[in-house]
Structure formats: structure tokens, C-alpha cells
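Below you'll find the structure, written out as C-alpha cells, and then a few comments.
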Amino acid sequence: MALSQTPEGRKKRNIPIPGQRIGRTVMAVWLCLGIYVLRGRHGAPFYSILAAMQCMQPYASGMWKMAKKRLIGTLIGAFFGSIVVYSSRIAFGDAFESSAFHYLLLGLGVGFVIYFTVLLKITDASYFSAVVFLSVSMNHIGDEQPHIYILNRVLDTLFGIGVGAVVNSLHLPRTRDRETLFVSGIDHVLLREDRELTPFTKVELNRFIQDGMHLTVMTKQTPATVRDLLKGVNLKMPIIAMSGAVLYDLKTMEYLHVEYMRQESAQRLAAFLHEKGRPFFVSTIEDNLLGIYYRQYPERDILDEGQMREDAWIGEDGTQRVSRYSWEALGRLYERKKNSPYRNYVHVDHDVLDHAVYFTVVDREERIDELCETLFEYDWGNAFHPVKDTFDCIPGDCILRIYSAGATNLARLRELKKLVNAPKSLIFGGNPASCDVVVPENGSDRTVLMMKKHFEPMDIRGWKNIIRL
């Protein structure tokens with residue numbers, strides 16, 4: 001293939017919507033300071049605030065994991081720090097604080113504290129244990145009553161963890177729709193203009209799934225591309241991919257349904273593309289493996305635009321020739337995709353049409369339009385479902401994927417609803433003709449907010465969901 005790289009577009013700046021986590025953190029800080037005042041300004045609110053902020057996690061499991069690390073680390077560090085402080089004061093008195101032996105003991109103590117967490121198999125708490133140990137044994141060894149600081153240090157952490165847990169667990173009363181199958185597009189719907197998920201979108205989608213939303217995506221992309229684009233989103237439902245050609249389970253990595261081209265149709269399409277001088281990929285699925293086949297052409301059979309004629313694509317010796325521009329455009333796509341572990345590109349010297357799912361052609365957009373118009377002039381052209389895409393190519397180019405006419409999103413959606421026993425569905429996308437909920441261009445966070453209104457509307461009947469632990 002031509003090894004020319006597609007230049008990356010400059011990412012545009014996007015101002016994210018402030019999330020609930022920011023508001024909850026502000027509330028936690030105020031509560032920690034209020035507790036400090038109610039305690040008669042004893043202790044250090046800094047440690048309460050720090051513990052509360054660290055408990056502000058997007059998921060409940062992360063909150064409790066952090067709370068556990070913080071609490072255990074504080075108790076271990078305070079315990080061994082108090083041993084160092086009191087044993088040193090008994091043995092050496094006040095002079096111990098500035099002695100070389102004190103410095104030696106600090107280093108050994110930190111090592112012992114960390115090793116202790118290893119022995120207990122709680123290494124996640126080692127950092128907090130070491131910090132608290134040093135705080136006690138370095139900064140408060142000269143206090144008249146160091147136990148007061150140690151007690152307050154533990155209490156501050158406990159108050160902070162409690163505040164963080166309470167603030168992070170309180171929610172508005174909402175009901176949840178666990179029957180509807182929520183279906184979302186990806187490009188221009190969940191992704192920003194730079195084709196990335198915002199942190200807010202990723203967190204909210206995972207929270208929806210954790211709270212019981214039946215969520216899937218419907219896309220023209222392959223499962224491999226979906227895996228890359230939605231990395232970090234824990235989709236549990238099978239997805240509708242390749243413009244409705246497949247149902248794919250991301251967890252088991254299995255194709256649950258594949259809409260293949262008929263052998264006769266694939267042969268006609270390959271002959272048609274050869275006649276038009278357009279090189280192509282043939283994507284096949286066999287034994288749950290996606291194979292992408294392409295033919296190599298000698299330089300003499302690759303024609304420049306000035307040599308392009310309707311009768312130029314088949315040589316006198318029967319050799320097939322192709323457009324140089326289309327060949328190089330296909331090469332750019334190959335360079336972008338070839339390193340994916342989920343795609344298998346295979347160079348062949350003849351067309352491989354068994355188990356064909358779709359053909360891929362890349363060219364200038366106006367030539368792709370002409371190619372589609374010509375295809376449908378044939379009686380057998382209605383056997384195909386062409387889909388155009390401008391992602392993954394340079395400006396002015398277009399990717400054409402040609403599927404079987406039976407490869408439609410709605411056909412796969414009907415199958416998926418039966419599979420997951422969903423009585424109804426709600427499609428989020430940008431095309432009013434094919435969507436139930438139309439989202440703005442490059443919806444991203446706004447798409448998620450629209451999903452939230454349908455999945456968990458505020459309702460006093462959802463009072464049981466006020467506290468989520």
C-alpha cells in the first residue's frame with residue numbers, strides 16, 4: 001500500500017460542563033469546616049478536607065476503596081508513629097528530636113511501616129501510612145501531649161471520610177427506566193469534534209450502566225473502532241456495528257449476527273469496481289475473525305488522472321488497472337488502521353469473496369457520489385446498501401462502504417430487543433428521520449444530559465434512590 005500518512009487535524013478547545021463532583025467537593029469542604037467549628041476549633045480541618053476530597057470518586061466502589069485506604073493508612077501510621085514518639089521520649093528525653101539517631105529511626109520507621117502493609121497485603125494503604133507516620137514522628141515528637149495530636153489526626157480523617165461518604169452518596173429522588181433499550185450513535189453524538197469522549201461523558205455513561213440502564217451503540221464503524229473510541233466505557237449490551245451488518249458482543253468478542261453478501265452479489269460488485277478502476281478492501285468474517293483482503297498492483301497498472309478513461313481499466317492482456325488517486329487514498333486508510341490488534345489485513349493476488357460483509361473504496365467525494373449513482377443504474381444494484389463516511393480521511397475524500405441491502409440498523413435493533421427482552425427502544429442521534437431523540441451536532445455532554453432526563457427523571461417516587469452507597 002502507499003505509505004502516506006493522513007495529517008492529524010488540530011484539536012479544538014472544548015470548555016467542559018462543570019460536573020456534580022465539583023459541587024459536591026465544595027459542599028464537603030464547607031461541612032468539614034463546620035465540623036471543625038463545632039468541635040471548638042480543635043484538630044486540623046486540613047486533614048478532614050483532604051480525606052473528604054479523596055473520597056469524592058465518580059463511582060461508589062471507588063469511594064469506599066479510597067475511604068478504606070485512607071482510614072487504614074491513618075491508623076497504621078498513627079500507631080507506629082506514637083510508638084516512636086513515646087519510646088524515644090522515655091529513652092532520650094527532649095534531646096532525641098534533633099539527634100542523628102532520630103533521623104536514622106525515621107528512615108527505618110518508614111521502611112518498616114511500608115513493609116507492614118505488605119505483610120498485611122494492604123499495599124494500597126502504604127502511602128497514607130507512611131505520611132501519617134512521618135507527620136507524627138517528625139513534627140510532634142516535641143509536643144507536651146503528642147497523644148492529643150494523634151487522636152485529633154485520626155478523628156480528622158474519620159470526619160473527612162464520613163463527610164465524603166455522605167456527600168457522595170446523596171442524590172435527588174429519581175426513578176429509573178430499566179426496561180427501555182437506550183441506543184446512541186457515536187460520531188457527532190457521544191464524541192467531541194476531536195473524536196474523543198469527555199471525562200464527564202465517560203463517567204456518566206458508566207454510572208448509567210451501573211444503575212441498570214440497558215445501553216448500546218449503533219454505528220457505521222467496526223467493533224474494533226468502537227473499542228478504541230469508547231475505551232473506558234463498560235458497555236454490557238451487544239452493539240450494532242458496521243451500519244447494521246453485525247451484532248457484536250464486546251465482552252465475549254463474538255459476532256452474534258452477521259449479514260453476509262450473497263456470493264453472486266459479491267462477484268458482481270467486485271467486477272463493477274474493477275470496471276471502474278477502483279481498488280477496494282473486502283472485509284470478511286469467518287470463524288469470528290475479521291479479515292480484510294486487498295490486492296496489490298504493479299506500478300504499470302496504476303494510472304494517473306490524466307490517463308483515466310472509461311476503457312482504460314482493463315488492459316489488452318486482461319490485466320486490471322486502478323486509479324492512482326484512489327489507490328493512494330486506500331493506502332492512507334490502511335496506514336491508519338493496520339496496527340489494530342482487532343483487524344487482520346491480508347495481501348492476496350486474487351479477489352477473496354467468501355463470507356464477504358462489505359467492500360471499502362476511498363476516493364474524492366464527487367467520484368464516490370458518481371460511483372454510487374452508476375451502481376444503482378443496474379438492476380442488481382438494489383442488492384446493496386452503500387454508506388459514506390468522511391472520518392479517517394483527508395479533507396475532500398470520502399470512504400464508501402458497500403454492504404448487503406439487508407444490513408440495516410433497524411433490522412439489527414429488532415433482533416437485539418428480542419435478545420435482551422426490551423419491550424421498547426429510544427434512539428439518540430443526529431438524523432431526525434432515524435432517531436427518537438435528536439441531539440445537537442457534536443452533542444457529547446449534552447447527549448448524556450438528554451439521556452439522563454429519559455433514564456432517571458426527578459420524581460418523588462424515587463425517594464428510595466436518594467442514598468446510593
Side-chain angles (χ1 to χ4, degrees), residues 21 24-90 96-97 102-170 469:
R21 189 176 177 184
R24 292 178 185 275
T25 301
V26 172
M27 182 68 68
V29 171
W30 287 341
L31 288 175
C32 288
L33 292 173
I35 291 173
Y36 169 65
V37 172
L38 292 175
R39 290 177 61 199
R41 300 182 185 274
H42 293 297
F46 169 78
Y47 296 110
S48 296
I49 292 172
L50 190 61
M53 290 176 62
Q54 288 172 331
C55 289
M56 290 294 109
Q57 300 294 321
Y59 312 114
S61 58
M63 176 189 72
W64 292 118
K65 186 177 180 180
M66 177 58 69
K68 180 181 177 181
K69 287 193 296 184
R70 185 78 194 187
L71 178 59
I72 293 176
T74 299
L75 293 175
I76 292 174
F79 176 73
F80 287 108
S82 62
I83 290 177
V84 169
V85 168
Y86 282 103
S87 61
S88 301
R89 288 168 69 92
I90 293 172
F96 177 76
E97 182 179 1
H102 178 212
Y103 300 147
L104 178 65
L105 190 60
L106 288 176
L108 292 174
V110 168
F112 178 79
V113 167
I114 295 175
Y115 181 62
F116 185 78
T117 62
V118 173
L119 292 178
L120 295 182
K121 296 182 180 180
I122 49 174
T123 53
D124 286 347
S126 59
Y127 171 77
F128 297 114
S129 300
V131 168
V132 175
F133 169 79
L134 289 172
S135 177
V136 172
S137 57
M138 285 186 68
N139 299 332
H140 297 276
I141 193 170
D143 292 358
E144 291 185 6
Q145 296 178 311
H147 63 277
I148 294 179
Y149 168 77
I150 296 172
L151 179 60
N152 281 328
R153 183 73 167 81
V154 173
L155 288 175
D156 289 334
T157 299
L158 287 173
F159 285 132
I161 291 174
V163 167
V166 170
V167 173
N168 217 31
S169 300
L170 289 177
L469 301 177

Rounded to the nearest 0.5 Å, how far apart are CG of Leu155 and OG1 of Thr74?
11.0 Å
Just how far is it from atom CG of Leu158 to atom OH of Tyr47, taken to the nearest 0.5 Å?
15.0 Å
Where at least one partner belongs to residues 25-42, residue pairs that pass side-chain hydrogen bond (donor to acceptor under 3.5 Å, both in side chains), sequence neighbours excluded
Arg39-Asn152, Arg39-Asp156
Between Arg70 (side chain) and Ala51 (backbone), is there a donor-acceptor pair under 3.5 Å?
no
Please name the pair of heavy atoms, one in Val113 and one in Ser129, separated by the smallest distance, quoted to 0.1 Å.
CG1-CB, 3.4 Å
The residue among Ile161, Val167, Val166 that forms side chain to side chain contact (heavy atoms under 4.5 Å, CB included) with Val163 is Val167
For Val132, does its backbone N or O pair with a side-chain atom of Ser135 as donor and acceptor, under 3.5 Å?
no
Atom CG in Leu38, atom CG in Leu33: separation rounded to 0.5 Å?
11.0 Å
Can you confirm whether Leu108 sits close enough to Phe112 that some side-chain heavy atom of one is under 4.5 Å from a side-chain heavy atom of the other?
no
Nearest heavy-atom neighbours spanning Gly164 and Met56:
O-CE, 3.2 Å
State the NZ-CD distance between Lys69 and Gln54, to the nearest 0.5 angstrom.
8.5 Å
Measure the CZ-OG distance between Arg153 and Ser48 for me, rounded to the nearest 0.5 Å.
9.0 Å
Return the CZ to CD1 distance between Phe133 and Ile114, rounded to the nearest 0.5 Å.
10.0 Å
Determine yes or no for a side-chain-to-main-chain donor-acceptor pair under 3.5 angstrom, with Ser82 supplying the side chain and Ala78 the backbone.
yes
Heavy-atom closest pair (Ser137 atom, Leu106 atom, distance to 0.1 Å) is OG-CD2, 3.2 Å
Identify which one of Ile72, Ile76, Asp124 satisfies the side chain to side chain contact (heavy atoms under 4.5 Å, CB included) criterion when paired with Thr117.
Ile76
Got a sec, which residues hit ring-ring contact (aromatic ring centres under 6.0 Å, His included) with Phe116, two or more places apart in sequence or on another chain?
Phe80
